[in-house]
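Take a look at the structure below.
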Amino acid sequence: MSRPSETVPEHVEIAVVGGGPVGALTALRLAQAGRRVTLIEARDPGAKLTDARAIALSWASLVAFADAGVQIPDAALTAIDTVHVSQQGGWGRTVLSRDDLDLPRLGAVVDYPALAEACQAALVAAGVAVLWRARVSHVATLAAFARLTLSRDGVAMPLTCRLAVLADGGELAEQLPGVTRRVHDYHQSALLAELRTERPHGGVAYERFSARGPLALLPHGEAFKLVWTRSPTEAEALRDAPSEQLIEQLDEALAGRFGKVLAVSGRAVFPLTLKQVNRTVSGRVAMIGNAAQTMHPVAAQGLNLGVRDALGLVEAVASSADPGEAGVLRRYAGLRRLDSQAVVGFTHGLVSLFDGNGALMSLLRGAGMNLLDLLPPARRRFAGHLVFGVGTAR
């Protein structure tokens, strides 16, 4: 097969497929460890990102990106100092604070495009090899190397590597021996919007389990970013409805906690599905981030879990003679098993727990939230799991 005029190698030591924040972080940290890594990304480096998501990064994730040389502008970050969890029409609440963990902040909110642009700048500054506009259509694993089939500028070509890391949406993983993806359709959609309210957020992120569905309010500049779980029909109707209709429902759900909702803008809708592979390693291929699991946003853990996948993989392969050797990748899988299963299970359980609106269910939820709030050691442990992961050394 012929190759495009811009040189594309036939073989690399480690290939990372997917140049989103998790893939970029992996490539940066591997390069820092002295590994020869090539990142493969389908988009053009000059393409303008229009992703509507605001990402809640934990303190640990912020540190991980900073340590990799990703400089997110301060102006793009809105600090989260407190997380307030409550339910509409029922007693009980839990408040998690940065003081619980003696941290400068619990995390921060950043728009996805700002994070992606900072990652791209870091890749350039670090001199990491990136194959832009390259799309991988097939992955296979053999005894001594993994083989990728990619196309670039209309030319198809093979590329081999000692280790392939999938950090894409997960479809490639299904081509691998022994890998299946569990798919659970929640039959729900996330309604996204920006809200302006009478009272400021004060660095507080809110999880509110309303009668119409769980909603999260993330501090975002002087406003909030809304993530409201609704049925697909309701979410699409509210996306297209007059602002007054959405504001009326929000005022009801929030019960005046921030005064009146003054304005809503930037509405978008995303379907919600859980996707999780049964194993994160197959031969000389490792799966991280969305290739390993795609989660419901109710606990804002998806990208943070992917960051910890990246760090675990780098820890496992950094000093190995052969980064794709079976024992090395078994270590990666072992490092990530507890955290991944616990966080995915917790998030999935939250969706079920807070889906019911009966009096008994409301009472049980309230009792659980109050108990957690009244027991500082338990509250600190829970906050630590959210910020640093389950079973992850701080």
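As the structure is a computational prediction, the values presented were derived from the model and not from experiment. Note: hydrogens, waters and symmetry copies are ignored here, and every other heavy atom, side chains too, is used.
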Report task. If the plane angle is over 60° it's perpendicular, under 30° parallel, otherwise tilted; pick one for Y206 and H84. Result -> tilted
**Report entry** N-O pairing of E222 and R196 below 4.0 Å
**Finding:** no
Query raised in the report: Would you say the side chain of L329 lies within less than 4.5 Å of the side chain of L163, judging by non-hydrogen atoms?
Result: yes
Query raised in the report: Going through the distances and angles, do V317 and Y332 end up as a side chain to side chain contact (heavy atoms under 4.5 Å, CB included)?
Result: CA-CA 8 Å; V317 310; Y332 158 67; 5.7 Å; no
Query raised in the report: Are side-chain heavy atoms of N278 and R182 found at a separation under 4.5 Å?
Result: no
Query raised in the report: How far does CG of L250 sit from CG of L226, to the nearest 0.5 angstrom?
Result: 5.5 Å
Query raised in the report: Between the side chain of R331 and the main-chain N/O of E315, is any donor-acceptor distance below 3.5 Å?
Result: yes
Query raised in the report: Is R53 positioned over the aromatic face of Y112, cation under 6.0 angstrom from the ring centre and no more than 45 degrees off axis?
Result: yes
Query raised in the report: Does V139 reach the side chain of R147, with side-chain heavy atoms less than 4.5 Å apart?
Result: no
Report task. Report the distance from atom OG1 of T273 to atom CE of M295, rounding to the nearest 0.5 Å. Result -> 13.5 Å
Query raised in the report: Is any side-chain heavy atom of T141 less than 4.5 Å from a side-chain heavy atom of P177?
Result: yes
Report summary line: Taken to the nearest 0.5 Å, the spacing of R379 CZ from T94 OG1 works out to 8.5 Å
Query raised in the report: Which pair of non-hydrogen atoms, one from R336 and one from G312, has the smallest distance, and what is that distance?
Result: CD-CA, 4.2 Å
Requested in this report: Taking W59 for its side chain and L103 for its backbone only, find out whether a donor-acceptor pair lies under 3.5 Å.
Outcome: no
Query - Donor-acceptor contact present, side-chain E13 to main-chain D322, <3.5 Å - result: no
Requested in this report: Would you give the length of the straight line joining atom CG of D153 to atom CE of M157, rounded to the nearest 0.5 angstrom?
Outcome: 7.5 Å
Query raised in the report: Do F388 and L313 share a hydrophobic cluster, counting only Ile, Leu, Val, Met, Phe, Trp and Tyr and linking them when any side-chain heavy atoms are less than 4.5 Å apart?
Result: yes
Report task. Applying side chain to side chain contact (heavy atoms under 4.5 Å, CB included), run through I80 and V109 and close with a yes or a no. Result -> CA-CA 7 Å; I80 299 175; V109 177; 3.7 Å; yes
Requested in this report: Identify the heavy atoms of D251 and G259 that sit nearest to each other, and give their distance.
Outcome: OD1-O, 4.3 Å
Report task. Tell me whether L195 is reachable from L192 by hopping between hydrophobic residues (I, L, V, M, F, W, Y) whose side-chain heavy atoms are closer than 4.5 Å. Result -> no
Report task. Before giving the answer on salt bridge (Lys or Arg N to Asp or Glu O under 4.0 Å), spell out for E194 and R267 the whole-Å C-alpha distance, their side-chain angles and the decisive distance to 0.1 Å. Result -> CA-CA 7 Å; E194 181 160 290; R267 283 177 273 180; over 6 Å; no
Query - A253 to S210 - nearest heavy-atom pair and separation - result: CB-CB, 3.8 Å
Query raised in the report: Can you check whether A156's main-chain N or O pairs, donor with acceptor, with S151's side chain at less than 3.5 Å?
Result: no
Query - Verdict with reasoning, H296 to Y186, per ring pair (Phe, Tyr, Trp, His ring centres under 6.0 Å) - result: CA-CA 9 Å; H296 195 290; Y186 289 108; 5.0 Å; yes
Requested in this report: Considering non-hydrogen atoms only, spot the tightest contact between V344 and L305 and give its length.
Outcome: CG2-CD2, 4.1 Å
Query raised in the report: Given side chains that start at C-beta, do those of H220 and H201 come closer than 4.5 Å, heavy atoms only?
Result: no
**Report entry** Sidechain-backbone polar pair: E198 side chain, L262 backbone, donor-acceptor under 3.5 Å
**Finding:** no
Query raised in the report: Salt-bridged, R308 to D339, with N to O below 4.0 Å?
Result: yes
**Report entry** Rounded distance (nearest 0.5 Å) linking atom CZ of R380 with atom CG of D102
**Finding:** 10.5 Å
Requested in this report: Decide side-chain hydrogen bond (donor to acceptor under 3.5 Å, both in side chains) for S86 and R208; before the verdict, give the C-alpha distance in whole Å, the side-chain angles of both, and the deciding distance to 0.1 Å.
Outcome: CA-CA 5 Å; S86 64; R208 178 79 163 165; 2.9 Å; yes
Query raised in the report: Are the side chains of L131 and P9 in touch, meaning some heavy atoms are under 4.5 Å apart?
Result: yes
Query raised in the report: Side chains of D81 and L106: closer than 4.5 Å at any heavy-atom pair?
Result: no
Query raised in the report: Taking D111 for the side chain and A54 for the main chain, is one N or O donor matched with an acceptor at less than 3.5 Å?
Result: no
Query raised in the report: Does the pair H11 and T160 meet the rule for a side-chain hydrogen bond (donor to acceptor under 3.5 Å, both in side chains), with working shown?
Result: CA-CA 5 Å; H11 179 83; T160 60; 2.7 Å; yes
Report task. Not counting sequence neighbours, which residues clear salt bridge (charged side-chain N to carboxylate O under 4.0 Å, His left out) with E41? List them please. Result -> R43
Requested in this report: Kindly work out whether a path of hydrophobic side-chain contacts (I/L/V/M/F/W/Y, heavy atoms less than 4.5 Å apart) joins V343 to L274.
Outcome: yes
Query raised in the report: Out of curiosity, does L238 fall in the hydrophobic cluster containing L217 (side-chain heavy atoms, cut-off under 4.5 Å, transitive links)?
Result: yes
Query - Chi angles and distances behind the side chain to side chain contact (heavy atoms under 4.5 Å, CB included) call for V16, I40 - result: CA-CA 6 Å; V16 178; I40 304 171; over 6 Å; no
**Report entry** Test: R181 and E174 ion pair at under 4.0 Å
**Finding:** yes
Query raised in the report: Would you call R284 and E325 a salt bridge, using N to O less than 4.0 angstrom?
Result: no
Requested in this report: Please report the shortest heavy-atom distance between D168 and L172, naming the atom on each side.
Outcome: OD2-CD1, 3.2 Å
Query - Heavy-atom closest contact (L191 atom, A235 atom, distance) - result: CD1-O, 3.9 Å
Requested in this report: Please check if V130 and V22 belong to a single hydrophobic cluster, counting links between Ile, Leu, Val, Met, Phe, Trp and Tyr side chain heavy atoms closer than 4.5 Å.
Outcome: yes
Query raised in the report: Hey, are the side chains of C119 and F65 touching, using non-hydrogen atoms and a 4.5 Å cut-off?
Result: yes
Requested in this report: Quick one: pull up CH2 in W132 and CG in D44 and give me the separation to the nearest 0.5 Å.
Outcome: 8.5 Å
Requested in this report: Would you kindly say whether Q293 and D309 are connected by a side-chain donor-acceptor distance under 3.5 Å?
Outcome: yes
Requested in this report: Output, in order, the C-alpha distance, side-chain angles, deciding distance and verdict of side chain to side chain contact (heavy atoms under 4.5 Å, CB included) for T229 and L215.
Outcome: CA-CA 6 Å; T229 299; L215 65 85; over 6 Å; no
